[in-house]
Amino acid sequence: MIQRKQTIFLLLALLAIVVCLCLPIGEMEPKGMGMPVVWYNLGFYRDQAFQARPLPFADLVVTGVLTFVSIFLYKKRRLQAKMCTAGMVLCLAWLAYYSFVVFNEFQTNGTFHFQFAACLPFVAFVLLFMARQGVVADEKLVRSMDRIR
């Protein structure tokens, strides 16, 4: 199981998702006086109060669970490829939501600063894509071996 390169890609994608869940993904400095707003996946932390917005958190949790489960589906390659595709779509949905919030909420009130964790869903997307390519290649190899027999 661990010898397959797609398993390594899936583990790295899971690691990127977990790190993104733990770190802040953005910070907005207001134009005038005031406290900066720190954006986590679970919500916004402003003025020593927490405002919940759990949509990106839920998206990444579902993506992480799909990635974790697909690691152990190495014998069911078609299902593993479909789960990688679903994880890729969820990563794109997270990035779309992030872009929507940045351009609609934060650009009018002050200066927005991207944090490192904001790029991790894209890294997870690339790793899931590479894992899916490896799974599809394995499936083609198994089918060609079946034809030879």
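Numbers here simply count residues along the sequence, with the first being 1. Values reported hereafter were calculated over all heavy atoms of this structure, with side chains retained and with hydrogens, waters and symmetry mates removed.
Note: Leu79 CG to Ser70 OG = 8.5 Å, rounded to the nearest 0.5 Å. The distance from the CG atom of Leu10 to the CZ atom of Phe72 is 10.5 Å, given to the nearest 0.5 Å. With rounding to the nearest 0.5 angstrom, the OG1 atom of Thr85 is 11.0 Å from the CD atom of Gln80. Between the CG atom in Leu128 and the OG1 atom in Thr67 there is a gap of 4.5 Å [rounded to 0.5 Å]. Put simply, CZ on Phe9 and CD1 on Ile71 are 13.0 Å apart, with the number rounded to the nearest 0.5 Å. The CG atom of Leu127 sits 10.5 Å away from atom SG of Cys84, with the distance rounded to the nearest 0.5 Å.
Put simply, the side chain of Gln115 does not reach to within 4.5 Å of the side chain of Leu23, judged on heavy atoms. No side-chain heavy atom of Leu120 sits less than 4.5 Å from a side-chain heavy atom of Ile17. Considering only heavy atoms from C-beta on, Met130 comes within 4.5 Å of Val126 through its side chain. Side-chain contact check for Leu92 versus Phe122: every heavy-atom pair is 4.5 Å or farther apart. Residues Ile25 and Tyr98 are in side-chain contact: their nearest non-hydrogen atoms beyond the backbone lie under 4.5 Å apart. At a threshold of 4.5 Å between non-hydrogen side-chain atoms, the residues Val101 and Trp39 count as touching. Using a 4.5 Å heavy-atom cutoff, the side chains of Leu21 and Val61 are in contact.
Cluster annotation: Val89 and Trp94 are assigned to distinct hydrophobic clusters (Ile/Leu/Val/Met/Phe/Trp/Tyr, side-chain heavy-atom contacts under 4.5 Å, transitive). By the criterion of side-chain heavy atoms lying less than 4.5 angstrom apart, applied directly or through intervening Ile, Leu, Val, Met, Phe, Trp or Tyr residues, Val136 is not grouped with Leu73; the two fall into different hydrophobic clusters. Clustering ILVMFWY residues whenever any of their side-chain heavy atoms sit less than 4.5 angstrom apart, transitively, puts Leu15 in a cluster other than the one holding Phe125. Criterion: ILVMFWY side-chain heavy atoms under 4.5 Å apart, direct or through other members. Under it, Val19 and Leu14 are not part of a common hydrophobic cluster.
A ring-centre distance under 6.0 Å is found for Phe114 and Phe112.
Among residue pairs with one or both ends in residues 128-137, none qualify as salt bridge (Lys or Arg N to Asp or Glu O under 4.0 Å); sequence neighbours excluded. Within the structure, salt bridge (Lys or Arg N to Asp or Glu O under 4.0 Å) contacts touching residues 78-101 (residues at least two apart or in different chains) are Arg78-Glu139. Among residue pairs with one or both ends in residues 14-28, none qualify as salt bridge (Lys or Arg N to Asp or Glu O under 4.0 Å); sequence neighbours excluded.
Using cut-offs of 30° and 60° on the angle between ring planes, the pair Phe100 and Tyr97 is tilted.
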Exercise for the section: List the steps, then state whether side-chain contact (heavy atoms from CB on, under 4.5 Å) holds for Val37 with Glu29. Expected result: CA-CA 7 Å; Val37 177; Glu29 288 183 30; over 6 Å; no
Practice task
Check the pair His113, Thr111 against side-chain contact (heavy atoms from CB on, under 4.5 Å), reporting the backbone distance first and the verdict last.
Solution key: CA-CA 7 Å; His113 300 286; Thr111 306; 3.8 Å; yes
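With sequence neighbours left out, Asp138 forms a salt bridge (charged side-chain N to carboxylate O under 4.0 Å, His left out) with Arg4. By the side-chain contact (heavy atoms from CB on, under 4.5 Å) test, Tyr40 pairs with Pro24, Val38, Tyr45, sequence neighbours left out.
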N/O donor to acceptor pairs below 3.5 angstrom from side-chain atoms of residues 49-60, sequence neighbours left out:
from, atom 1, to, atom 2, distance (Å)
Gln51, OE1, Arg46, NE, 3.4
Gln51, OE1, Arg46, NH2, 3.3
Arg53, NH1, Glu105, OE1, 3.4
Arg53, NH1, Glu105, OE2, 2.6
Arg53, NH2, Glu105, OE2, 3.0

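What you find for Gln6 and Gly134 is that their closest heavy atoms are NE2-O, 3.5 Å. When all heavy atoms are compared, the tightest approach of Leu66 to Gly87 is CD1-N, 4.4 Å. Nearest heavy-atom pair across Arg77 and Val135 is O-CG1, 3.1 Å.
A donor-acceptor pair under 3.5 Å is formed between the side chain of Asn41 and the backbone N or O of Cys20.
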